A.B. asks: 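Questions regarding the structure given below will be posed in turn.
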Amino acid sequence: AGDVHVLRRLHNKWYLDGHLSLQGLQNLATLGPRIAVPVSDRISIAAGNDIGFWFGFINVQGVKTRGTGWQNYPNLSLGYRFNKRILLTLKAESMMNIGINTHAGDIKVTTDYRLFSGSAYTVALEQPFYGKKSLTLAFRAMYTNFYWQTWTLFEPYDRNLFFPQVIVGIIL
């Protein structure tokens, strides 16, 4: 499994946010613009809209499934700087399904997913780690009826489930 997240400044307050999560059986790539605006010397707000493409496949012992889909993640963030290098970020995002295409063997699996499938909320703390590197510790709580990493389950019900995530990252 691998996870790479890149944030590049485009111009003044505009950024381009790219994320790639590779896990073999299920994978996701997102890309989207972000605008960040300082409110004071310690508080900033940001708004973004990430478009994601996920894909996956299983071909093990007679089980042959594959799936692809597009998702949209409009989001808002609030950041607080405690001192020069300790940062706290609160992020809220909507999870939207634009298209889901799954197959079991050669048979197309038809499912009716809602456009607005749920939401996610993240609390992240960034602090110095080693040299000019930083460590990020975060918790993300998702409440959704479709999570791209569970596409292989072919869920027969339409209800939201809670998916917790613990995130640990090193900023190079």
Side-chain angles (χ1 to χ4, degrees), residues 1-10 14-36 46-60 63-79 87-104 109 111 113-127 129-130 132-155 159-172:
D3 195 271
V4 177
H5 198 153
V6 177
L7 184 65
R8 298 292 302 183
R9 176 178 270 176
L10 297 176
W14 288 93
Y15 297 84
L16 186 63
D17 191 352
H19 183 210
L20 183 62
S21 180
L22 298 172
Q23 300 171 1
L25 300 178
Q26 59 240 1
N27 309 281
L28 173 69
T30 63
L31 186 67
R34 181 133 12 282
I35 185 167
N49 188 34
D50 302 328
I51 300 291
F53 176 74
W54 64 265
F55 62 95
F57 53 87
I58 295 177
N59 190 4
V60 178
V63 176
K64 187 175 181 181
T65 60
R66 68 186 189 280
T68 61
W70 290 92
Q71 292 196 298
N72 187 30
Y73 301 94
N75 57 77
L76 292 172
S77 299
L78 175 67
L87 310 169
L88 177 69
T89 302
L90 305 174
K91 181 179 180 180
E93 57 192 314
S94 177
M95 302 170 82
M96 301 169 62
N97 295 313
I98 298 171
I100 298 172
N101 185 15
T102 54
H103 290 79
V109 178
T111 49
Y113 291 103
R114 295 183 303 218
L115 174 64
F116 290 95
S117 62
S119 57
Y121 305 92
T122 304
V123 176
L125 181 66
E126 182 181 322
Q127 62 185 26
F129 182 59
Y130 175 74
K132 293 190 177 191
K133 295 169 183 58
S134 295
L135 177 69
T136 299
L137 303 172
F139 177 75
R140 183 175 186 221
M142 291 173 285
Y143 189 64
T144 181
N145 74 336
F146 179 77
Y147 180 39
W148 67 273
Q149 288 184 330
T150 62
W151 70 272
T152 57
L153 299 178
F154 300 110
E155 299 162 349
R159 72 172 192 225
N160 286 13
L161 297 174
F162 175 65
F163 295 95
Q165 282 185 322
V166 173
I167 302 164
V168 178
I170 296 177
I171 300 173
L172 303 176

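All of these numbers come straight from a predicted model, not from anything done at the bench.
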A.B. asks: Taking only residues two or more places apart in sequence, or in another chain, which ones meet Asn27 in a side-chain hydrogen bond (donor to acceptor under 3.5 Å, both in side chains)?
C.D. replies: none
A.B. asks: Is the side chain of Asn160 donor-acceptor paired with the backbone N or O of Asn145 at a distance under 3.5 Å, no angle test?
C.D. replies: yes
A.B. asks: Which heavy atom in Ile170 sits nearest to a heavy atom in Phe129, and how many Å separate them?
C.D. replies: CD1-CE2, 4.0 Å
A.B. asks: Show the numbers, then the answer: is there a side-chain contact (heavy atoms from CB on, under 4.5 Å) between Asp3 and Gln23?
C.D. replies: CA-CA 9 Å; Asp3 195 271; Gln23 300 171 1; over 6 Å; no
A.B. asks: Starting at CD1 of Ile58, measure out to OG1 of Thr65 and round the result to the nearest 0.5 Å.
C.D. replies: 4.0 Å
A.B. asks: Please collect all salt bridge (charged side-chain N to carboxylate O under 4.0 Å, His left out) contacts where either partner lies in residues 136-149, sequence neighbours excluded, each pair once.
C.D. replies: Glu93-Arg140
A.B. asks: Which atom names give the shortest non-hydrogen contact between Tyr15 and Ala36, and what distance separates them?
C.D. replies: CE1-CB, 3.9 Å
A.B. asks: Would you mind reporting whether Phe163 and Leu161 have side-chain heavy atoms less than 4.5 Å apart?
C.D. replies: yes
A.B. asks: Heavy-atom distance under 4.5 Å between the side chains of Leu31 and Leu16, does that happen here?
C.D. replies: yes
A.B. asks: What closest approach, in Å, do Ala141 and Phe162 show between heavy atoms, and which atom pair accounts for it?
C.D. replies: CB-CE1, 3.5 Å
A.B. asks: Could you tell me if the side chain of Asn72 sits less than 4.5 Å from the side chain of Asn49, heavy atoms only?
C.D. replies: yes
A.B. asks: Mind listing the closest non-hydrogen atom pair of Gly48 and Arg34 along with its distance?
C.D. replies: CA-NH1, 3.1 Å
A.B. asks: How close do Phe55 and Thr68 get, counting heavy atoms only, and between which atoms?
C.D. replies: CB-CG2, 4.0 Å
A.B. asks: To the nearest 0.5 Å, how far apart are CD1 in Ile100 and CZ in Phe146?
C.D. replies: 4.0 Å
A.B. asks: Are the side chains of His5 and Asp17 in contact, using a 4.5 Å heavy-atom criterion?
C.D. replies: yes
A.B. asks: Working to the nearest 0.5 angstrom, can you tell me the gap between Thr30 OG1 and Phe53 CZ?
C.D. replies: 13.0 Å
A.B. asks: List the residues meeting side-chain hydrogen bond (donor to acceptor under 3.5 Å, both in side chains) with Ser94, not counting sequence neighbours, and say none if there are none.
C.D. replies: none
A.B. asks: Is the shortest side-chain heavy-atom distance between Leu135 and Val168 below 4.5 Å?
C.D. replies: yes
A.B. asks: Is there a side-chain contact between Leu88 and Leu78 (heavy atoms, below 4.5 Å)?
C.D. replies: no
A.B. asks: Are the side chain of Ser21 and the backbone of Leu28 linked by a donor-acceptor contact shorter than 3.5 Å?
C.D. replies: no
A.B. asks: Mind checking the CD1-CG spacing from Ile171 to Leu7? Nearest 0.5 Å is all I need.
C.D. replies: 9.5 Å
A.B. asks: Where do Thr122 and Ala138 come nearest, in terms of heavy atoms and distance?
C.D. replies: CG2-CB, 4.2 Å
A.B. asks: Does Ser117 use its side chain to pair, donor to acceptor, with the backbone of Met95 at less than 3.5 Å?
C.D. replies: yes
A.B. asks: Compare all side-chain heavy atoms of Asp50 with those of His19 and state whether any distance is below 4.5 angstrom.
C.D. replies: no
A.B. asks: Please report the interatomic distance CZ(Arg159) to OH(Tyr143), rounded to the nearest 0.5 Å.
C.D. replies: 9.0 Å
